[in-house]
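No hydrogens, no waters, no symmetry mates; every other heavy atom, side chains included, goes into these values. Convention: sequence-line order gives letters A, B, ...; per-chain numbering from 1.
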There are 2 protein chains.
Amino acid sequence: MFSALIIALLALFKLSSYAYFSGDTSIEIILSGIALVFFFVGLYINRKTIRPSADPSGPIDLKKVEQLGISKREYEVLVHISKGLSNKEIANTLFVSESTIKTHVSNLLLKLDAKRRTQAIQKAIDLQILSI
Amino acid sequence: MFSALIIALLALFKLSSYAYFSGDTSIEIILSGIALVFFFVGLYINRKTIRPSADPSGPIDLKKVEQLGISKREYEVLVHISKGLSNKEIANTLFVSESTIKTHVSNLLLKLDAKRRTQAIQKAIDLQILSI
DNA sequence: TGAGGGCTCATACTAAAGTACCAAAATCGG
DNA sequence: CCGATTTTGGTACTTTAGTATGAGCCCTCA
């Protein structure tokens, strides 16, 4: 892919030279064309290379959720915890009893190796299974 | 600043034309120079414009901490809360009693308008006074 | 020097959070 | 359809968290 880009640029280069020597294009036009093309090449290259470094807390790693043995419902509860909701509030929004949420939370704490829900939030962020 | 850049580029442009007409530089060299310069201009512009969008949860807004009336010690406690520590653990790391931490936490919850410490974490992140 | 703010700590309480254990539906892959 | 997992829910209990109130200490600034 990159080699194709380089070949295309070299072709453009040569074309520019010939276009000038054929006399039907002024030097300014050619220079402008080259400048424009390489300007956008610079933009593109930069965008490609800056993406990974500027996006460390990016997408949620759902594979890690599986690896930890966290079920769908448990993950749902985790998200609500991270939003600062109480067990009762989570129970109401998910239309289940508070006991159920307590069970889920207990299991979550075990699987995330956390003692408190605040610690669970931290660990989840570290594991990139939560985006704050 | 931007106008200066543009003027510089235009000057480079004219210079290139003259350099060619004076005959002591080949068209390829000039094209290469222009390409290189605009390539890096593209890099630079992109880096400048991409910064704000890729950095929304950036620096901590200490002014907002003041505006909320959060004291130094309280903020310190807030940071420890966000790391998932219990009141007792915070008390031990700061060498004070748990009562003191409870007081600080209570005041923090008032000032952040939160009902729980998890909610306080969320609000603090929203206010950009915590970087997770 | 006195008022105010911040930090400390205590008691006494209420409210959440979390643990342990059990058990019945519901879901899903083989 | 069966077994395993998930989801649900309960009781009973311990532990944190959080509130309310009062108070002493230190520093600063008018």
[X]: partners by side chain to side chain donor-acceptor pair (under 3.5 Å), with sequence neighbours left out:
X: B:T103; answer: none
X: B:S106; answer: none
X: B:S97; answer: B:T100

Can you pull the salt bridge (charged side-chain N to carboxylate O under 4.0 Å, His left out) pairs that have at least one residue in residues 35-44 of chain A, sequence neighbours excluded?
-> none
Contacts satisfying salt bridge (charged side-chain N to carboxylate O under 4.0 Å, His left out) that involve residues 80-100 of chain B (not counting sequence neighbours) are A:R116-B:E89
With the criterion being N/O to N/O and under 3.5 Å, what pairs connect the protein with nucleotides 24-30 of chain D, and how long is each?
none

Return the residues of residues 87-100 of chain A meeting this criterion: a heavy atom under 4.0 Å from some atom of DNA chain C. Order them by number, or give none.
-> A:N87
Partners passing salt bridge (Lys or Arg N to Asp or Glu O under 4.0 Å) against B:E76 (at least two apart in sequence or in another chain) | B:R73
For B:K111, check salt bridge (Lys or Arg N to Asp or Glu O under 4.0 Å) against everything at least two apart and list the hits.
-> B:E74
Which angle, to the nearest 10 degrees, lies between the helix axes at the two ends of the helix from C:dT1-D:dA30 to C:dG30-D:dC1, each defined by five pairs?
-> 60°
Got a sec? Which of residues 101-110 of chain B come in under 4.0 Å of DNA chain D, heavy atoms?
-> B:K102, B:V105, B:S106, B:L109
Among all residues two or more places apart in sequence or in another chain, which pass the side chain to side chain contact (heavy atoms under 4.5 Å, CB included) test with A:L68?
-> A:I70, A:L112, A:L127, A:I129
May I have the distance from A:E66 (atom CD) to D:dT6 (atom C1'), rounded to whole angstrom?
-> 15 Å
Atom CD of B:Q119 to atom P of C:dA17: distance rounded to whole Å?
-> 11 Å
Nucleotide nearest A:R117 when distance is taken to its side chain, options C:dA17, D:dT6, C:dC7 | C:dA17
State whether A:R116 places a side-chain N or O below 4.0 Å from either non-bridging phosphate oxygen (OP1 or OP2) of C:dA17.
-> no
